[in-house]
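Ligands are counted one by one from 1 in listed order, and the atoms in each one are counted from 1 as well.
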Amino acid sequence: MTWLITGGAGFIGSHVVKAMAEGGERIVVLDDLSTGRAERLPDGVPLEVGTVLDRDVVDRVLREHAVTGIVHIAGKKQVAESVAKPLHYYRENVEGLRTLLEGAVEAGVTRFLFSSSAAVYGMPDVDLVTEATPCAPINPYGETKLAGEWLVTATGRTYGMATASLRYFNVAGAATPELGDDGVFNLVPMVFERLTAGEQPRIFGDDYPTPDGTCIRDYIHVEDIASAHVAAARRLAADPDASLVLNIGRGEGVSVTEMVGIIQDVTGRTDIEPLVTDRRPGDPARVVASADRIAEELGWSARYGVREMVESAWAGWQLRHP
Ligand SMILES: NC(=O)c1ccc[n+]([C@@H]2O[C@H](COP(=O)([O-])OP(=O)(O)OC[C@H]3O[C@@H](n4cnc5c(N)ncnc54)[C@H](O)[C@@H]3O)[C@@H](O)[C@H]2O)c1
């Protein structure tokens, strides 16, 4: 098979490219480099620069590289920006996906993996979020991911494409410092930023109904995300009727206070006390994946722990902020 990986020059995409290339898959990348970097790609992996919104580009890349499967990772991912610019998010994440799927159907592509997100669940009021937990996104970003899953499943069913929507929980870490996340939108880089500026890391609310009062999340190493893609791609290759929706998480909750403590330890800044401020609107108390279905379906489970995520992310942060 030849796989097209969209968004392959991004944080998660470049890890998926690395893992799939090391797994012996033939790969081509399509990326508009809006947030990605060409240097993230390993030697020998062709990069086509262009947007998934451009049907001519999509058609040409699928044809010239004789693509048979697609891993669609390209997308916009900032919740706050999606609230400010919903039309932009629907265009990039839904219209971009629809355009790509249309090209895929016409080109006879028979395998399709889609980057979804735990944001589809919204504010789940359960201990462990299973794939059967009702989806009720609370922002345009999560809505575009849920609409994307519907598009993927419906297209697969109608046109005979094996599909998988992978719902990532809180992604952190890096395989190498060069592949680290450039953004400062998640807890780990946000705390790095404050600590390296000599400022107190902020904890948004310590009055949640959790053991230490702070929010609990399921953090997952980006290398584990990548290995889950390799497993899912192999499953789709072997099973033309597959129609999967899978959480990718560790099934273990870590509180913000615990995470900030680990980050302080790894960065050596235990001298700075965290500052507790008001809750942010829209932060659920606890979002932890059940990782049972992906274990059953793919035989996959996470290998890395939280400390390895923080240590590898810190190496990347230091490289980008010398
Ligand atoms: N990072 C997370 O914690 C997380 C969690 C859940 C889901 N996701 C999803 O995973 C995907 C990748 O996230 P990331 O963290 O690697 O972000 P990223 O911004 O690093 O990567 C996105 C990549 O897609 C490219 N891109 C964006 N729009 C494009 C377009 N229209 N055409 C072609 N390429 C385009 C960018 O240049 C970039 O290389 C996104 O779809 C995101 O919604 C991320």
Side-chain angles (χ1 to χ4, degrees), residues 4-19 28-41 45 47-58 61 70-79 81-82 85 88-100 103 113-121 129 137 139-149 152 165-175 178-190 217-226 228-229 246-249 287 289 309 313 316 320:
L4 170 66
I5 303 186
T6 72
F11 165 52
I12 294 171
S14 59
H15 285 87
V16 173
V17 167
K18 180 174 184 289
V28 53
V29 168
L30 173 62
D31 197 299
D32 68 0
L33 302 182
S34 52
T35 55
R37 289 187 275 116
E39 317 85 78
R40 281 205 177 108
L41 294 177
V45 171
L47 167 66
E48 297 279 358
V49 179
T51 170
V52 294
L53 282 152
D54 186 334
R55 188 56 206 284
D56 292 339
V57 169
V58 167
V61 171
I70 297 178
V71 184
H72 180 48
I73 300 177
K76 302 293 168 214
K77 62 164 181 180
Q78 293 176 47
V79 169
E81 190 183 48
S82 80
K85 299 180 181 175
H88 179 61
Y89 269 65
Y90 271 87
R91 181 177 151 77
E92 290 286 332
N93 290 358
V94 181
E95 178 57 18
L97 169 61
R98 197 198 60 79
T99 306
L100 182 65
L113 262 92
F114 172 58
S115 287
S116 187
S117 165
V120 298
Y121 294 114
V129 180
N139 49 59
Y141 169 68
E143 291 163 14
T144 64
K145 288 293 169 184
L146 185 56
E149 290 190 5
V152 167
S165 291
L166 303 177
R167 295 175 174 166
Y168 316 159
F169 280 63
N170 291 60
V171 188
E178 294 75 21
L179 294 187
D181 192 358
D182 292 340
V184 191
F185 312 114
N186 301 322
L187 179 67
V188 177
M190 272 163 49
R217 295 291 179 269
D218 188 343
Y219 295 90
I220 175 89
H221 198 297
V222 65
E223 283 198 80
D224 281 326
I225 294 271
H229 283 70
L246 302 171
N247 289 340
I248 312 186
V287 186
M309 295 178 216
R320 285 187 301 284

Quiz item: Can you tell me how far CG of Asn186 sits from NZ of Lys77, rounded to the nearest 0.5 angstrom?
Solution: 6.0 Å
Practice problem: May I ask you to decide if Ala289's main-chain N or O and Asp218's side chain share a donor-acceptor pair within less than 3.5 Å? | Solution: yes
Practice problem: Using a cut-off of 6.0 Å, state whether more than 12 heavy atoms not belonging to Arg320 lie near its atom CZ. | Solution: yes
Self-check item: Asp182 vs Arg37 side-chain heavy atoms within contact, under 4.5 Å
Solution: yes
Self-check item: Which residue and heavy atom of the protein sit nearest atom 34 (N) of ligand 1, plus the separation
Solution: Asp32 N, 3.1 Å
Quiz item: Rounded to the nearest 0.5 Å, how far apart are CD1 of Ile248 and CG of Asp224?
Solution: 9.5 Å
Quiz prompt | Under-4.0 Å heavy-atom contact with ligand 1, by part of Leu33 that carries it | solution = backbone
Quiz item: Hey, which atoms in ligand 1 end up nearer than 4.0 Å to a heavy atom of Gly7?
Solution: 23 (C), 24 (O), 25 (C), 39 (O)
Exercise. Using distance alone, determine whether Tyr168 and ligand 1 share an N or O pair under 3.5 Å.
Key: no
Self-check item: Tyr89 OH to Thr144 OG1 distance, which is reported to the nearest 0.5 Å
Solution: 8.5 Å
Practice problem: Report the nearest protein non-hydrogen atom to atom 40 (C) of ligand 1: residue, atom name, distance rounded to 0.1 Å. | Solution: Ile73 O, 3.3 Å
Quiz item: Would a distance-only check, ignoring hydrogens and angles, find a side-chain to backbone donor-acceptor pair under 3.5 Å from Asp31 to Ala9?
Solution: yes
Practice problem: Under 4.0 Å from a heavy atom of Thr35: give me the atoms of ligand 1 that qualify, with their elements. | Solution: 18 (P), 19 (O), 21 (O), 22 (C), 36 (C), 37 (O), 38 (C)
Quiz item: Can you find an N or O of Gly10 that's nearer than 3.5 Å to an N or O of ligand 1?
Solution: yes
Self-check item: For Phe11, atoms of ligand 1 separated by under 4.0 Å from a heavy atom
Solution: 15 (O), 16 (O), 20 (O)
Quiz item: Looking at atom 39 (O) of ligand 1, what's its closest protein heavy atom, distance included?
Solution: Asp31 OD2, 2.5 Å
Quiz item: When you measure from atom 4 (C) of ligand 1 to every protein heavy atom, which one gives the shortest distance, and what is it?
Solution: Ile12 CD1, 3.8 Å
Practice problem: Could you pull out, from Lys145, Lys77, Arg40, the option with a heavy atom nearest to atom 41 (O) of ligand 1? | Solution: Lys145
Exercise. Working to the nearest 0.5 Å, report the span between CZ of Arg91 and NZ of Lys85.
Key: 12.5 Å
Quiz item: Given that the side chain starts at C-beta and the backbone is N, CA, C, O, which of these parts of Arg37 lies under 4.0 Å from ligand 1, counting heavy atoms, or is it both or neither?
Solution: neither
Quiz item: So is Ala9 close enough to ligand 1, meaning a heavy atom under 4.0 angstrom away?
Solution: yes
Quiz item: Can you find an N or O of Ser116 that's nearer than 3.5 Å to an N or O of ligand 1?
Solution: no
Quiz item: Can you check whether Ser115's main-chain N or O pairs, donor with acceptor, with Lys145's side chain at less than 3.5 Å?
Solution: yes
Self-check item: Atom indices of ligand 1 within 4.0 angstrom of Gly36 heavy atoms, with elements
Solution: 36 (C), 37 (O), 38 (C), 39 (O)
Practice problem: Answer whether the closest heavy-atom distance between the side chains of Glu149 and Arg167 falls below 4.5 Å. | Solution: yes
Practice problem: Kindly confirm or rule out an N or O of Ser117 lying under 3.5 angstrom from an N or O of ligand 1. | Solution: no
Quiz item: Identify the closest protein heavy atom to atom 42 (C) of ligand 1: which residue and atom is it, and at what distance?
Solution: Tyr141 OH, 3.6 Å
Exercise. Rounded to the nearest 0.5 Å, what's the gap from CG on Leu97 to CD on Glu95? Could you check?
Key: 9.5 Å
Exercise. Give the residue and atom name of whichever protein heavy atom lies nearest to atom 32 (N) of ligand 1, and the separation in Å to one decimal.
Key: Val52 N, 3.1 Å
Quiz item: Out of curiosity, is Ser14 lining ligand 1, as in a heavy atom under 4.0 Å away?
Solution: no
Quiz prompt | Interfacing atoms of ligand 1 (cut-off 4.0 Å, heavy-atom, Gly50) | solution = 32 (N), 33 (C)
Exercise. Give me the one residue out of Leu113, Thr6, Leu30, Leu4 that meets side chain to side chain contact (heavy atoms under 4.5 Å, CB included) with His72.
Key: Thr6
Self-check item: Shortest protein contact, atom 31 (N) of ligand 1 (heavy atom only)
Solution: Glu92 OE1, 2.8 Å
Quiz item: How far is atom 28 (N) of ligand 1 from its nearest protein heavy atom, and which residue and atom is that?
Solution: Lys76 NZ, 3.4 Å
Quiz item: Counting distance only, does the side-chain N/O of Asp181 pair as donor-acceptor with the main-chain N or O of Pro189 below 3.5 Å?
Solution: no
